[in-house]
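Worth saying up front: this structure is predicted, and the values here are computed from it rather than measured.
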Amino acid sequence: MAIGSVVQRGAFVFVYNERGGLLTIIGTGGGPDDGLKAYTGATVSLKRGRFNFIYDERGRQLCIIPTG
């Protein structure tokens with residue numbers, strides 16, 4: 001099912017489907033710049049330290065990208 005919305009609460013990101021049902025919860029880390037960066041209907045991008053982590057709608061990690 002597609003991602004409908006994503007909300008960050010503290011050190012966690014809650015991923016919801018198009019009907020508002022919870023799909024998954026992903027931890028973001030505790031750094032000052034850590035957290036939700038973007039999302040699409042299929043992926044969620046989080047920054048943790050010096051890396052961006054990309055997850056699918058079920059919370060499975062797809063890739064890690066260094067931020068530079």
Side-chain angles (χ1 to χ4, degrees):
M1 186 165 275
I3 295 170
S5 64
V6 179
V7 177
Q8 181 168 344
R9 293 187 190 112
F12 296 93
V13 168
F14 295 77
V15 181
Y16 298 93
N17 64 25
E18 295 165 319
R19 296 180 183 171
L22 183 63
L23 293 172
T24 190
I25 301 170
I26 306 168
T28 63
D33 294 328
D34 291 356
L36 177 65
K37 293 300 171 187
Y39 72 92
T40 68
T43 62
V44 176
S45 174
L46 305 178
K47 184 173 185 300
R48 225 183 267 139
R50 294 178 29 206
F51 298 94
N52 285 327
F53 292 78
I54 311 299
Y55 296 89
D56 69 7
E57 72 278 358
R58 294 186 180 188
R60 296 178 295 202
Q61 184 178 300
L62 300 176
C63 65
I64 303 171
I65 304 167
T67 59

Tell me which donor-acceptor pairs under 3.5 Å the side chains of residues 60-68 have, and how far apart each pair is, sequence neighbours excluded?
from	atom 1	to	atom 2	distance (Å)
R60	NE	D56	OD2	2.7
R60	NH2	D56	OD2	2.8
T67	OG1	R50	O	2.9

- Query: When hydrophobic residues are tied together by side-chain contacts of less than 4.5 Å, even through go-betweens, does F12 share a cluster with I54?
  - Reply: no
Acceptor/donor pairs from residues 20-30 side chains to any protein atom, 3.5 angstrom cut, sequence neighbours excluded:
from	atom 1	to	atom 2	distance (Å)
T28	OG1	A11	O	3.1

- Query: Got a sec, which pairs hit salt bridge (Lys or Arg N to Asp or Glu O under 4.0 Å) with one end in residues 11-25, sequence neighbours left out?
  - Reply: none
- Message: For Y55 and F53, take the angle between the two ring planes, folded into 0 to 90°, and tell me which bin it lands in: parallel under 30, tilted 30 to 60, perpendicular over 60.
- Response: parallel
- Message: Could you report the tightest heavy-atom contact between V13 and L36, atom names first, then the distance?
- Response: CG2-CB, 4.1 Å
- Message: Suppose we screen for side-chain contact (heavy atoms from CB on, under 4.5 Å). Which residues come up paired with R9, at least two apart in sequence or across chains?
- Response: V7, F14, Y16
- Message: Suppose we screen for side-chain contact (heavy atoms from CB on, under 4.5 Å). Which residues come up paired with D34, at least two apart in sequence or across chains?
- Response: R48
- Note on the structure: Applying side-chain hydrogen bond (donor to acceptor under 3.5 Å, both in side chains) to S5 and not counting sequence neighbours gives none
